[in-house]
Amino acid sequence: MPKAYVLEMFPYPSGRLHMGHVRNYAMGDVVARHKKAKGYNVLHPMGWDAFGMPAENAAMEKGVHPGDWTYQNIDAMKAQFEKLGLSLDWSREFATCDPDYYGEQQRLFLKFMEKGLVYQKKAKVNWDPVDNTVLANEQVIDGKGWRSGAPVEQRELVQWFFRITDYAEDLLTEVQKLDRWPEKVRTMQANWIGRSEGLQMRFEWEPPTGFTSLDEAEQAFAQDDYDLTKVDSCEYEDLKDALEVSAQGIEIFTTRPDTLFGASFVALSPDHPISIALAESTSEVEDFRAECAKIGTSEADIEQAPKMGYKTGLRVKHPFVEDQTLPVYIANFVLMGYGTGAIFACPAHDQRDFDFARKYDLPILPVVKPSDKETASAAWVASGKGADMDAAYTGPGTIMNSDFLDGQEIAAAKSQAIGQIEDRALGQGTVNYRLRDWGVSRQRYWGCPIPVIHCEECGIVPVPESDLPVRLPDDVSFDKPGNPLEHHPTWKHCTCPNCGKPALRETDTLDTFNDSSWYFARFASVDDPAERAYWLPVDQYVGGVEHAVLHLLYARFFMRAMRDVGEVDLPSGEPFAGLFTQGMVTHETYKTDDDRWITPGEVETRDGGLWEINTDHAVSVGAIEKMSKSKKNVVDPDNIIATFGADTARWFVLSDSPPERDVEWTQSGAEGAGRFVQRVWSVFNALSTAPRDGQPNDSDAATALRRASHKAADAVDKAIEEFRFNSAIASVHEWVTVLKKAEQGAEDILYARFEGAFMLARCLTPFMPHLAEECWSLIGGEGLCSAAAWPDVDQSLLVEDSVTLPIQVNGKRRAEISVAKTASKDDIEATALAEPSVQNFIADKSIKKVIVVPGRIVNIVI
RNA sequence: GCGGAUGUGACGGAAUUGGUAGACGUGCCAGAUUUAGGUUCUGGUGUCGCAAGGCGUGGAGGUUCGAGUCCUCUCAUCCGCACCA
């Protein structure tokens, strides 16, 4: 029996289910129930992503313990879950805040540490001033915290990191092979990893004016013995500062080594260590850095931000051209977070460099002759100076003005330039990634404690496995800002497992994205590697697209890391073979004439307009948006279930829109779904008292009904498999209409009606399990409908004996004919031509050609 | 700017490989049932036209006997990334 691991992203226990959950879990349930009916061994578990900030916020606001708050919410939500009739395996349930779970996570952390996948470093990190914690790069959206929405600040802190970049190449190549993932998500991950091939190289320092070599200058610095009258003091002081940071020169990364001959300056990020060193001794540099930081935080109009530069007194040597030196600028458009935080600029072939060069009047030397003749014939090529360029040229072409690279195509020139740099031992060809290591330290209480101990003697010591889990203390207070674990009087004090001396526990907890990075493996088995290997990977994962980068990237990393420390037998390292990202549930928004958002329940229709109930405030309908508390356009699943029933809610959220798109919740739509439930019931009700001993026969009416049922069951089957639930539902609607009409038919189709009804109940189970079960037992179905196998479709019934063919004349439909399935092309052609309405169109014109596609169409060309 | 999508009735959306555009649902219209409203049921509903017929899948071209579907250009909307060297 093949296995099918069906999983929906587990919820955060906020306390209430929302319609988005209903849609998400309804979809997963359709897949799980369908797979089960098709004979798969199905795993469909559920649990709780239970660590997180809201619990701490509740603790601060209401004085409840985060754990109590969380477990109460879990109870409340589980009750809601149970009403939905989902085929979940609750025997595997856990919450990530269970010590069993996070203890195991701590063990994994230590395994990763042993393997060298974890390290600690002092780094500039994203600090969320509202949540009072650090955020990973992925968790900063548009310069704001992903949860709090507060503008992120930069702080320098010692932090724990996971070496996700070790897997950058693998994460990138493998994501492209996940053919059951949405293209969009694959691209987003690929872009996030951001691979680029190029050259990392060093521009060596030019000695200050007055010295013939760097050695000589250095010696002078070292002995503090130099004659200020001999040198340009600014240059001299700058170089002295810079040498302390980097004696070798400036390391840059470029993807365009082919344009090295067009270099006109080198630029450092304002956050580059050399920039910082210069700022310490020169207030102008400090001012410039401050200026840049200002713009950096007002993120929105980075596009409009003008290029700004500060000219240092530093100069570096051109790697290829003897005696040519380049000035070094600090430039606001160079990011410390990418490459080495320093670039060489070729203004003729990079727009940013171009803008900068224009502003500061630096040389612009074109070195790529465009292959496009029109552009190439422009005046600037002739001038060879680029004085007439109005924009950088970044297209294809051949190299010029470049000594040994002249005449080559760009690609060839790149590799030759890299070769030359390598020969001169100035650098090497490298691959650079945008992805950076995952900072996992969080200064929060309600998370998984990082299981290490800081000892003055022994340094960082892992907590021995026998001491796991490192439990969170229960007696914590949230009355002051910052990390409650840090404030706790005793918790952090311990003895070093190594030397036995007093030591301190790490008080940072793990980013909660760790918790969701391996929970699916825990579902598969608590600790049996063989059972995990059997279930993994997840065959169908269903969840929101908002996790396209964060959760899905981390989980992919975690499986690789777990594989490499021998914790999971998953050669590919890919946790999710199939991914489906569902759309949101939206609703109209309502605003009163005095500018308040109000809930759908507070709106009534009166005098042909919309009004707030029991007031005289007119209501206007706003945009259709994702249900949110702020816009008050929320529909509560509990109310819907009380009014319409769980089946109706499930049916409706799947019916109108394709699953990957947003669906708008409407009252009338929900009522329509409720009507349909009644309609289905009436079909079964009509059969409940009918005699069940109808004999099979092959009357036309019976055969037609059987065809309809088998075709519909087949269509539902295929639509579910292809995640086209809205189409499956449309097929069911048609099917029910046919069965309803058959109630008027003669007695001799009763057996076909029963056959259809049994098949229908079975096909309805994935969508409306309660209704299907009732209907099934109403007509005497054996056992549980949900335990029955998917109906066998009689393939012979899917093919019609005769087919209706449209007849086109010159490509326009003019008539229809009915012919036997087996009719020959000649017969079809003859029948078509004999059709009177066709004759009208042909009249006296001569027929040029007749195209007959059997089973499809006839086209007569005149 | 780069990347990914999406454009079809009043609305959500259907439409194997190019082969009857508008399935199904909502809304609307009409009729039946009902003491009324609601419910339920039946029929109708792309558009212009009395009709014959014409026109119609964001727009403009093209390929084809035949295009929502393929090609070229273009417009609009949404999403992601964004001074990525």
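Here is how names work: the chains are called A, B, and so on, in the same order as the sequence lines, proteins then strands, and each is numbered from 1.
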When you compare B:A76 with B:A14, how far apart are their P atoms, in angstrom units rounded to a whole number? 25 Å
So what's B:U6 paired with, Watson-Crick or G-U wobble, going by both distances under 3.5 Å? B:A76
Kindly determine whether A:Val683 and A:Glu743 satisfy side-chain contact (heavy atoms from CB on, under 4.5 Å), including the steps that lead there. CA-CA 8 Å; A:Val683 165; A:Glu743 288 173 9; 4.1 Å; yes
Which is more 5' along RNA chain B, the nucleotide nearest A:Glu816 or the one nearest A:Glu664? Just name the residue. A:Glu664
Give the rounded distance in Å between these two atoms: CZ of A:Phe676 and P of B:G12. 22 Å
For A:Gln200 and A:Thr340: C-alpha separation, side-chain torsions, deciding distance, then whether side-chain contact (heavy atoms from CB on, under 4.5 Å) applies. CA-CA 8 Å; A:Gln200 183 164 334; A:Thr340 61; 3.6 Å; yes
Determine, using ring centers only, whether A:Phe644 and A:Phe652 are less than 6.0 Å apart. no
Could you state the CD-P distance from A:Glu743 to B:C41, rounded to the nearest angstrom? 11 Å
Syn/anti label of B:G56 as read from its glycosidic torsion, with the cut at 90° from 0: anti
In Watson-Crick or G-U wobble terms, with both distances under 3.5 Å, the base opposite B:A14 is none
Under a 3.5 Å cut-off for both distances, is B:C81 Watson-Crick or wobble paired, and to whom? B:G1
Which parts of residues 648-659 of chain A get close to RNA chain B, meaning a heavy atom less than 4.0 angstrom away? A:Asp656, A:Ser657, A:Pro658
Rounded to whole Å, please give me the gap between CD1 in A:Ile817 and P in B:U20. 14 Å
Which nucleotide, if any, forms a Watson-Crick or G-U wobble pair with B:G56, using both distances under 3.5 Å? none
In whole Å, what separates the C1' atom of B:G46 from that of B:G13? 15 Å
Name the nucleic acid region contacted by A:Val853, choosing base, sugar-phosphate or nothing; use a 4.0 angstrom heavy-atom cut-off, strictly under. base
Cation-pi check, A:Lys307 onto A:Phe333 ring (under 6.0 Å, within 45° of axis): yes
Is it the case that A:Asp437 and A:Thr165 place a side-chain donor and acceptor less than 3.5 Å from each other? yes
Distance between C1' atoms of B:A52 and B:G4 (Å, rounded): 49 Å
For B:C79 versus B:G18, give the span between their P atoms, rounded off to a whole number of Å. 33 Å
With a non-hydrogen cut-off below 4.0 angstrom, is A:Arg814 in contact with a base, only sugar-phosphate, or nothing? sugar-phosphate
Touch class at under 4.0 angstrom, heavy-atom based, for A:Gly672 against every strand present: sugar-phosphate
Minimal heavy-atom distance between A:Pro306 and A:Asn332, with the atoms involved, is O-ND2, 2.9 Å
Using the P atom as the point on both nucleotides, what is the distance between B:A10 and B:G61, in whole Å? 24 Å
First encountered from the 5' end of RNA chain B, between A:Leu335 and A:Trp192: A:Trp192
Taking all non-hydrogen atoms of both residues into account, name the closest pair between A:Leu171 and A:Leu553 and its distance. CD1-CD1, 4.3 Å
Would you indicate, yes or no, if B:G12 has its OP1 or OP2 atom less than 4.0 angstrom from a side-chain nitrogen or oxygen of A:Arg661? no
On the side chain of A:Lys307, is there an atom forming a donor-acceptor pair with the base of B:C83 - under 3.5 Å, no angle test? yes
Watson-Crick or G-U wobble partner of B:A23, both distances under 3.5 Å: none
Using a strict cut-off of less than 4.0 Å between a Lys/Arg side-chain nitrogen and an Asp/Glu carboxylate oxygen, indicate whether A:Glu721 and A:Lys718 qualify as a salt bridge. no
Drop me the distance from A:Thr312's OG1 to A:Phe288's CZ, to the nearest 0.5 angstrom. 11.0 Å
Could you give the CD-to-P distance, from A:Glu625 to B:C79, as a whole number of Å? 11 Å
Using the P atom as the reference point in each nucleotide, state the distance between B:C78 and B:G22 in Å, no decimals. 31 Å
I'd like the C1' distance from B:G53 over to B:U42, given in whole Å. 31 Å
At under 4.0 Å, does any side-chain N or O of A:Arg724 touch on OP1 or OP2 of B:A15? yes
Expressed in angstrom and rounded to an integer, what is the separation of A:Arg675 atom CZ from B:U40 atom C1'? 10 Å
Roughly how many Å is it from CZ in A:Arg195 to C1' in B:A85, rounded to a whole number? 16 Å
What does B:G43 pair with, Watson-Crick or G-U, if both distances are under 3.5 Å? B:C29
When the ring centroid of A:Phe725 is compared with that of A:Phe723, is the distance short of 6.0 Å? yes
Side chains of A:Ser196 and A:Arg434: any donor to acceptor distance under 3.5 Å? no
Quote, to the nearest angstrom, the P distance that separates B:C50 from B:A5. 46 Å
Look at all strands and tell whether A:Val663 reaches a base, only sugar-phosphate, or nothing, counting heavy atoms closer than 4.0 Å. nothing
Could you state the atom-to-atom distance from CD of A:Glu183 to C1' of B:C79 in whole Å? 14 Å
Phosphate OP1/OP2 of B:C41 contacted by A:Arg679 side-chain N/O (<4.0 Å): yes
Counting only side-chain heavy atoms from C-beta out, which of B:C84, B:A85, B:C83 sits nearest to A:Thr255? B:A85
Compare the minimum distances between each of B:A85, B:G3, B:U20 and the side chain of A:Ile857, then state the nucleotide with the smallest one. B:U20
Got a second to check how far A:Leu268's CG is from A:Tyr329's OH, nearest 0.5 Å? 12.5 Å
Rounded distance (Å) that lies between atom P of B:C81 and atom CD of A:Glu546: 12 Å
With A:Arg256 as partner, the option from A:Leu199, A:Ile343, A:Val367, A:Ile410 fulfilling side-chain contact (heavy atoms from CB on, under 4.5 Å) is A:Ile410
What does the list of N/O pairs under 3.5 Å between the protein and nucleotides 21-23 of chain B look like, with a distance for each?
{"from": "B:A23", "atom 1": "O2'", "to": "A:Glu734", "atom 2": "OE1", "distance (Å)": "3.4"}
{"from": "B:A23", "atom 1": "O2'", "to": "A:Glu734", "atom 2": "OE2", "distance (Å)": "3.2"}

